[in-house]
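Scope of the values below: all heavy atoms of this structure, side chains included, with no hydrogens, waters or symmetry mates. To find a chain, count down the sequence lines: A is the first, B the second, and so on, and within it residues start at 1. Nothing here was measured: the structure is a model prediction, and the numbers come from that model.
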Amino acid sequence: MKTHKNMTNLEIAKLLKAVAAAHQVKPTGESNERFRIIAYERAADAVEHATSEMKDLWEEKKLSEIAGIGKTIADHLDELFKTGKVKHFEEIFKCLPPAMFELLDVPGVGAKTAEKLTKELGITKAHGALEKLHKAAEKGRVRGLEGFGEQSEKEITESIREVKERTRRLLLPHATGIAEDVIAWMKRKSGMDSIDTLGSLRRSASTVGDVDIAVASNKPEEVIRHFVEYPKKTKVIEAGRETASLLLPGGVQVDLMVQPPDAYGALLQHFTGSKHHNVALRVFALKKKLSLSEHGIKKGGKLLKVSDEQKFYKALGMAWIPPELREDQGEIDASVEHKLPKLVELKDIKGDLHMHSDFPSETSHDVGVNTLQEMAEEGKRLGYEYIALTEHNPKSAESEKKILEILREKKERVDKLNDKNIIKRVFNCLEIDIQPDGKLALPEKSFDFIDFGIVSIHSSFKATRDHQTKRVLAALANPKVKIFAHPTARKLNEREGVDFDWDKIFEFCKKNGKAVEINSSPQRLDLPDMLVHKAVKQGVKLTISTDSHAKDQMIGMRYGVSVARRGWAEKKNILNTLGYLDFKKALGVD
DNA sequence: GCCGTTTTCGGCCCGACTGTTTTCAGTCG
């Protein structure tokens, strides 16, 4: 494992996973070995999902604040950031081929298998390790090894191909669409008491791997027979008595699980996850001498079947936990103490504050496809009291005179639109670029022509955390700027978000009455849920908006609401749940 | 190696599947 001083969270996570794997392969014989492995895996997981870069936390001496990182690993990371290496880790990796850690990415290959393969096949270097194993398996050199056979060789070949072509994770709306279509097909058949999504889809995570669906029925064979007839399938992967899997175009896998109604609650709970939630829940249950599984709740060796989820949680002495919260972020304690948040709902939303009409504002970014009026009418249809039209700012290359003309023209058109009283208010706004130096891409006089501005980053994603933080704070300081839009600027499956000092940004927003946006567009879902949770804890006001470039995208508000819910947001945390007058007052606009 | 309203020592989730084996280890979610 190569290490250096500026390792990213992803690289550090991989390093910690490698340490765990090394311990599995080279047991020291100590009795706590098993748990040390688990501890390193947990730490790797925590680093991978942290909302700040470890290096930044290290500079602030806050490494141990991450759950799963104790004194020992914090010390190792301290050494890593100071010297670029960790002596203790190097000692552990000694005599192990670097190639083995690359093979861990292959599904079905764990530490033991990886080590055996690299040793037996003479693959040592990390670079190109996957290709070498792939070739060896294709040539039939794996089947002869002890503990391997034709089956496992085939498995390896297929898994590596899968890794190479790994279809990216599905975006939430895409996965939702697929699930809704499958569910509609299933409902054409009678004999099903309930049907629900499972897994990350049911928890409304931003991206989804497989689409998993649960059915309650006393006739599992019939349900499965109907399922495998799903017209859009490209292949039936497997069809057993209680489970079946289909492959859909684009490599999307849909799994179905069927249980009788009297055991459905345990099934639903178990396969909704998350893994971390379930582990924490079982630890909690053990203290009450209860053992949990997908089959039900065991007490003194006796299995209690559970028909619905409410009963499942009630049997543990807790309130039902909304799926969005099941990430082991404190929801179990909150549930026990009956302090779960009352999560915001779609019907609470009173307006959409980020959208683009076809008004020609001479921008260098995309314009929308619908007129100002069409956007307002769609807002009315969705039951909103207000919307904000936030076209991108005109190109800075235009003369100031031209820019002011464009903005005067837009203001007139919005004024006229407001005279028609389609909804209570159409706010005349702009989405303004935050330039690399923190200046806004708009002449000062322009601000007289708008009700308020939302600001966002569309370039210069790479810079130090300190620089990026100052950049945004400078932009937010403008009194007409009210909302920080798609804050991290991440694009799911495409680019990581910008690294900020969130404590500073949130503190500034709270103090100065600036709101932070949860952008609902499928590729963004930005602010990410973990940071929403942080913002909620710090008392920062949020908005949920769609960033629609066409009126039919405005329906996507539900996905932003999902993100808010995953971040523990209640109605009171979201500014655009307020009625028109209260909203105006809260945002400080006329 | 981590962690703490039953513990600063002594615990640490549960079950299924798979392939290669004669009774189980490794991996996964």
Side-chain angles (χ1 to χ4, degrees), chain A residues 16-17 19-25 27-28 30-47 63-77 86 88-89 92 103-117 142-156 158-159 198-200 202-203 205 208-210 212 238 240-243 245 253 255 257 266-267 269-298 301 303 316 326 328 332-333 336-337:
Chain A
L16 295 174
K17 274 182 214 165
V19 175
H23 277 295
Q24 271 172 282
V25 175
T28 56
E30 289 168 86
S31 58
N32 58 356
E33 184 90 44
R34 265 180 59 213
F35 302 108
R36 183 177 296 145
I37 292 163
I38 291 171
Y40 270 104
E41 277 168 352
R42 257 187 65 101
D45 222 65
V47 170
L63 275 180
S64 297
E65 283 180 20
I66 302 270
I69 298 195
K71 177 153 190 345
T72 311
I73 294 182
D75 283 347
H76 288 323
L77 292 183
V86 182
H88 177 65
F89 291 171
I92 291 173
L103 304 189
L104 296 176
D105 292 336
V106 182
V109 176
K112 301 262 169 105
T113 311
E115 197 243 3
K116 208 183 224 175
L117 283 170
V142 169
R143 66 183 72 180
L145 307 178
E146 196 192 337
F148 293 87
E150 271 182 54
Q151 283 294 331
S152 45
E153 183 176 85
K154 196 170 144 223
E155 195 74 31
I156 286 171
E158 284 179 4
S159 290
L198 296 167
S200 48
R202 180 154 183 252
R203 302 197 310 277
V208 173
D210 296 342
D212 299 327
E238 140 251 318
R241 275 199 56 245
E242 297 177 340
T243 66
S245 302
Q253 187 171 330
D255 297 337
M257 327 222 176
L267 174 82
Q269 197 288 322
H270 179 83
F271 287 106
T272 296
S274 67
K275 185 186 168 189
H276 292 296
H277 173 80
N278 283 355
V279 168
L281 198 65
R282 284 181 208 139
V283 170
F284 172 81
L286 272 185
K287 290 180 198 156
K288 302 191 163 206
K289 310 245 188 268
L290 299 172
S291 170
L292 312 180
S293 78
E294 65 262 49
H295 307 297
I297 302 174
K298 243 190 243 170
L303 184 71
L316 300 174
R326 299 184 199 171
D328 191 24
I332 292 175
D333 285 345
V336 172
E337 294 161 16

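Within 4.0 Å (heavy atoms only), A:Leu281 reaches no atom of the nucleic acid at all. Residue A:Gly68 is in sugar-phosphate contact alone, with no base atom involved, counting any heavy-atom pair closer than 4.0 Å across all strands shown. Across all strands, A:Asn278 comes closer than 4.0 Å to no nucleic acid atom at all (heavy-atom distances). Residue A:Glu337 is classed as having no contact, given no heavy-atom separation below 4.0 Å to the nucleic acid. Note on A:Ala111: only backbone sugar-phosphate atoms sit closer than 4.0 angstrom, heavy atoms only; bases stay farther off. When heavy atoms are screened at a 4.0 angstrom cut-off, A:Ser274 is found touching no nucleic acid atom at all. Contact annotation for A:Lys288: no contact, since no heavy-atom pair falls under 4.0 Å across all strands. Within 4.0 Å (heavy atoms only), A:Val279 reaches at least one base atom of the nucleic acid. Using a 4.0 Å heavy-atom cutoff across all strands shown, A:Leu292 reaches sugar-phosphate atoms only and no base atom. Among the atoms of the strands shown, only primed sugar atoms or phosphate atoms (P, OP1, OP2) are found under 4.0 Å from some heavy atom of A:Tyr40.
Contact annotation: A:Lys287 does not reach the phosphate of B:dT5 (side-chain N/O to OP1 or OP2, under 4.0 Å). An OP1 or OP2 oxygen of B:dT20 is reached within less than 4.0 angstrom by a side-chain nitrogen or oxygen of A:Ser152. OP1 or OP2 of B:dC2 sits under 4.0 Å from a side-chain N or O of A:Thr72.
Straight-line distance from the NZ atom of A:Lys154 to the P atom of B:dT20: 11 Å, rounded to whole Å. As rounded to whole Å, 16 Å separates atom P of B:dG15 from atom CD of A:Glu242. In this structure, A:Ile332 atom CD1 and B:dG4 atom C1' are separated by 16 Å, rounded to whole Å. At whole-Å resolution of the value, CZ in A:Phe284 and P in B:dG11 are 21 Å apart. Following rounding to the nearest Å, A:Gln24 (CD) and B:dG26 (P) show an atom-to-atom distance of 9 Å. The NZ-C1' distance, from A:Lys275 to B:dC12, rounds to 14 Å in whole Å. Between A:Ile297 atom CD1 and B:dG15 atom C1' the separation is 16 Å, expressed in whole Å. Separating the CD1 atom of A:Ile37 from the P atom of B:dG26 is a distance of 11 Å, rounded to the nearest angstrom.
Remark: side-chain polar atoms of A:Ser274 are paired, donor with acceptor, to backbone N or O of A:Arg326 under 3.5 angstrom. Judged by distance alone, the side chain of A:Glu153 and the main-chain N or O of A:Val142 form a donor-acceptor pair under 3.5 Å.
How far NZ of A:Lys116 is from CG of A:Leu145: 8.5 Å, rounded to the nearest 0.5 Å. Once rounded to the nearest 0.5 Å, the distance linking NE2 of A:His270 with NE2 of A:His295 reads 8.0 Å. Atoms CG and CD, on A:Asp212 and A:Gln253 in that order, are 8.0 Å from each other to the nearest 0.5 Å. In this structure, A:Phe284 CZ and A:His277 NE2 are separated by 11.0 Å, a value rounded to the nearest 0.5 Å. The line from CG of A:Asp45 to NE2 of A:His276 is 3.5 Å long, rounded to the nearest 0.5 Å. Taking CZ from A:Arg282 and CG from A:Leu290, the interatomic distance works out to 13.0 Å, rounded to the nearest 0.5 Å.
Using atom P as the reference point in both B:dT8 and B:dC12, the two lie 16 Å apart (nearest Å). Between B:dT20 and B:dA16, the two P atoms lie 22 Å apart (nearest whole Å). Across B:dC28 and B:dC13, the matching C1' atoms stand 14 Å from one another, rounded to whole Å. As rounded to the nearest Å, B:dT21 and B:dT27 have P atoms that lie 15 Å from one another. Atom P of B:dC2 sits at a distance of 23 Å from the matching atom of B:dT6, rounded to the whole Å. The gap from the C1' atom of B:dG26 to that of B:dG11 amounts to 25 Å, rounded to the nearest Å. Nucleotides B:dT23 and B:dT18, compared at atom C1', are 15 Å apart to the nearest Å.
Shown here is A:Arg202, whose CZ atom has more than 12 heavy atoms of other residues, nucleotides or ligands within 6.0 Å.
Ranking B:dT27, B:dA16, B:dC13 by closeness to the A:His295 side chain, first place goes to B:dA16. Comparing atom distances between the A:Lys112 side chain and each of B:dT27, B:dG29, B:dA16 picks out B:dT27 as nearest. In the set B:dC13, B:dG29, B:dC2, B:dC2 carries the atom at the smallest distance from any side-chain atom of A:Ile73. With B:dT27, B:dG29, B:dG1 as the candidates, the nucleotide lying closest to the side chain of A:Asn32 is B:dG1. The side chain of A:Ser293 lies closest to B:dG15, out of B:dG15, B:dG29, B:dT27. Closest to the side chain of A:Glu294, out of B:dG1, B:dG15, B:dT20, is B:dG15. Comparing B:dG29, B:dG1, B:dG15 by their closest approach to the side chain of A:His88 singles out B:dG1. Checked against B:dG1, B:dT27, B:dC13, the side chain of A:Arg282 finds its nearest nucleotide in B:dC13. Of the candidate nucleotides B:dG19, B:dC3, B:dG1, B:dG19 has the atom lying nearest to any side-chain atom of A:Gln151. Proximity note for A:Ala67 (side chain, C-beta onward) versus B:dC13, B:dG19, B:dC3: the nearest is B:dC3.
Pair check for B:dT8 finds none; no Watson-Crick or G-U wobble contact set falls under 3.5 Å.
In this structure, A:Lys71 and A:Glu155 both approach DNA chain B, and ranking their closest nucleotides by distance from the 5' end singles out A:Lys71. The residue among A:Ala74 and A:Glu146 whose nearest nucleotide of DNA chain B is located toward the 5' end is A:Ala74.
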